[in-house]
Number of protein chains: 2
Amino acid sequence: MKTKDKILKEALRLFNERGLSQVGVREIARSLDISVGNLSYHFPKKEDLIMELLSQIRMANDARYEEYFEGRASLGRFLGTFRQIMENQYRYRGVFLGHDEINQVIKKHFDYLSIEEKRRKFFHRIYTDLAKAGELKLAEGDIEFLISFITLFGRFWMMEASISFTDKSKEEIIDHYMGLLKKQLGLFV
Amino acid sequence: MKTKDKILKEALRLFNERGLSQVGVREIARSLDISVGNLSYHFPKKEDLIMELLSQIRMANDARYEEYFEGRASLGRFLGTFRQIMENQYRYRGVFLGHDEINQVIKKHFDYLSIEEKRRKFFHRIYTDLAKAGELKLAEGDIEFLISFITLFGRFWMMEASISFTDKSKEEIIDHYMGLLKKQLGLFV
DNA sequence: CAAAACTTAGTACAATGTACTAAGTTTGAA
DNA sequence: TTCAAACTTAGTACATTGTACTAAGTTTTG
């Protein structure tokens, strides 16, 4: 294997282990028994390394989608494709994960599992009450689904916004995401 | 205002401006015209500062939820509460945002808006085809909703997993999130 | 009034990303 | 085979970062 590929492979391994920001170029070089100068020859900046990994993900994902479009449209096929995408993302998880100080700080200082537990109970109560009051019609499993939805949603809507809506105002952004939440809950009215 | 509060306020302002990892303790001190030693007296570690801000968010949010629980259960009231939560999160967005190298790298090197556009068209086609094939029953606005959902979902399921499911295997994690996606799409079958 | 709380300026250290040099080695095309 | 390009090495250097400490002052408060 070419040194360049070795670097990419080992870097991804280390990123998956500890996260993007926790792995320095010196460590990647040390782990491969090559010099920093060598690594620097192939990837002058850490960014270049990350970019290469990102390109690999994109190419792999694009290939999956193209495969999908070649066949007939079916829910089963789509779900299969999406699962492959997820597997692929997981393979490169280090590129996406652990690069955030914040979650590390939270995990270090808060009893995060109990916060999670509390949050679940919170929403469970909210949805149960709404069902009792006749505001929502919830079947078996719906509550768990809605809890998962709002957990993911509440945690990441703002990151999503910072990526997708760079030029929108606070009000527009919040309106947009409130619209999503309303629509989602509206499916159970 | 006490110095401690001044520090918190200015730190948040800078974090909101450029993101957690882009603002150093020296800059916060300089910006306030106080010494690093002084800042260090109040917050020995940057983490301590972040923790304080996080606590403020939590307290504010908890207060909103408690208010909600004091009144009667209604969808409208819940949505109102959630909007307040979102406003609050937005106020502290710097603590959550921009702390990730990855999005900065992506935005710097890729034409991100066109990728976004392409992704939307991708999913638009997928859902339209599925509707035509009779696999999904989609009314006005449903497609936009599903696109927004899968965009958020596909981007953040893994981060969510890294927070919520620390002990689960890859297969279990992917199964769980595939379950959510199936359930969501199942609502339109 | 005295102690506690606060503030200052300054130093220090290890780690990081980045950048460069001068020298060798390997490899592939003419 | 030859020779230039591609690759690899070890080492140096620099600015920036989080973190930690000191010794000295000032302000606040019980």
Side-chain angles (χ1 to χ4, degrees), chain A residues 1-54 94-109, chain B residues 1-54 94-109:
Chain A
M1 210 193 312
K2 290 251 184 188
T3 304
K4 192 159 185 170
D5 295 320
K6 276 196 232 168
I7 293 171
L8 285 168
K9 192 179 167 189
E10 183 65 10
L12 179 58
R13 197 185 66 76
L14 290 169
F15 289 159
N16 282 347
E17 218 176 77
R18 279 199 306 295
L20 216 50
S21 66
Q22 300 307 306
V23 179
V25 287
R26 285 175 182 78
E27 183 182 355
I28 299 170
R30 190 177 349 111
S31 182
L32 279 169
D33 253 317
I34 64 172
S35 67
V36 181
N38 191 359
L39 199 155
S40 188
Y41 171 76
H42 292 285
F43 302 100
K45 301 185 180 186
K46 191 182 174 182
E47 257 185 30
D48 301 324
L49 219 174
I50 298 168
M51 280 300 295
E52 193 64 39
L53 290 172
L54 281 175
V95 181
F96 304 103
L97 253 49
H99 46 66
D100 42 359
E101 303 176 59
I102 188 66
N103 285 326
Q104 288 170 11
V105 173
I106 290 177
K107 285 203 172 178
K108 188 169 165 190
H109 289 85
Chain B
M1 209 192 314
K2 290 249 182 189
T3 304
K4 193 160 185 169
D5 295 321
K6 276 195 230 168
I7 293 171
L8 285 168
K9 191 179 169 190
E10 183 65 8
L12 180 59
R13 195 185 67 77
L14 290 169
F15 290 158
N16 283 348
E17 218 176 74
R18 276 199 309 294
L20 214 50
S21 65
Q22 301 307 305
V23 180
V25 287
R26 285 174 181 80
E27 183 182 354
I28 299 169
R30 189 175 353 111
S31 182
L32 279 168
D33 255 316
I34 65 172
S35 68
V36 181
N38 190 1
L39 198 155
S40 188
Y41 171 78
H42 292 286
F43 303 99
K45 302 186 182 187
K46 190 182 175 183
E47 260 185 28
D48 300 326
L49 219 173
I50 298 168
M51 281 300 295
E52 193 65 38
L53 290 173
L54 280 174
V95 181
F96 303 104
L97 253 49
H99 46 68
D100 42 359
E101 302 176 61
I102 189 66
N103 285 327
Q104 289 171 10
V105 173
I106 290 177
K107 285 202 172 179
K108 188 169 166 191
H109 288 85

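So you know, we letter chains A, B, ... as the sequences are listed, proteins then strands, and number each from 1.
Residues satisfying the side-chain contact (heavy atoms from CB on, under 4.5 Å) criterion with B/K45, sequence neighbours excluded, are B/E47, B/D48. Scanning for salt bridge (Lys or Arg N to Asp or Glu O under 4.0 Å) contacts around A/R13 gives A/E10, A/E17, with sequence neighbours left out. Partners of B/K4 according to the side-chain contact (heavy atoms from CB on, under 4.5 Å) rule, which considers only residues two or more places apart in sequence or in another chain, are B/H42, B/F43.
Between the C1' atom of D/dT17 and the CD1 atom of B/I28 lies a distance of 12 Å, rounded to the nearest Å. Separating the CZ atom of B/F43 from the P atom of D/dG18 is a distance of 15 Å, rounded to the nearest angstrom.
The distance from atom CD of A/E52 to atom CG of A/D5, rounded to the nearest 0.5 Å, is 8.5 Å. For the atom pair NZ (A/K9) and NZ (A/K6), the distance works out to 10.0 Å, reported to the nearest 0.5 Å. Distance CD1/B/I34 to CD1/B/I7: 4.0 Å, rounded to 0.5 Å.
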What does the B/S/- profile of nucleotides 8-16 of chain C look like, 5' to 3', with a 4.0 Å heavy-atom cutoff to protein?
BB--B---B
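Two residues are said to be in side-chain contact when any heavy atoms from C-beta on lie closer than 4.5 Å; B/Y41 and B/T3 fail this criterion. Between B/L49 and B/I28, the closest side-chain pair of non-hydrogen atoms falls below 4.5 Å.
Using a 4.0 Å cut-off on heavy atoms, none of the residues of residues 4-17 of chain B approach DNA chain D.
Considering only side-chain N and O atoms, A/H42 lies nowhere under 4.0 angstrom from the phosphate OP1 or OP2 of D/dA6.
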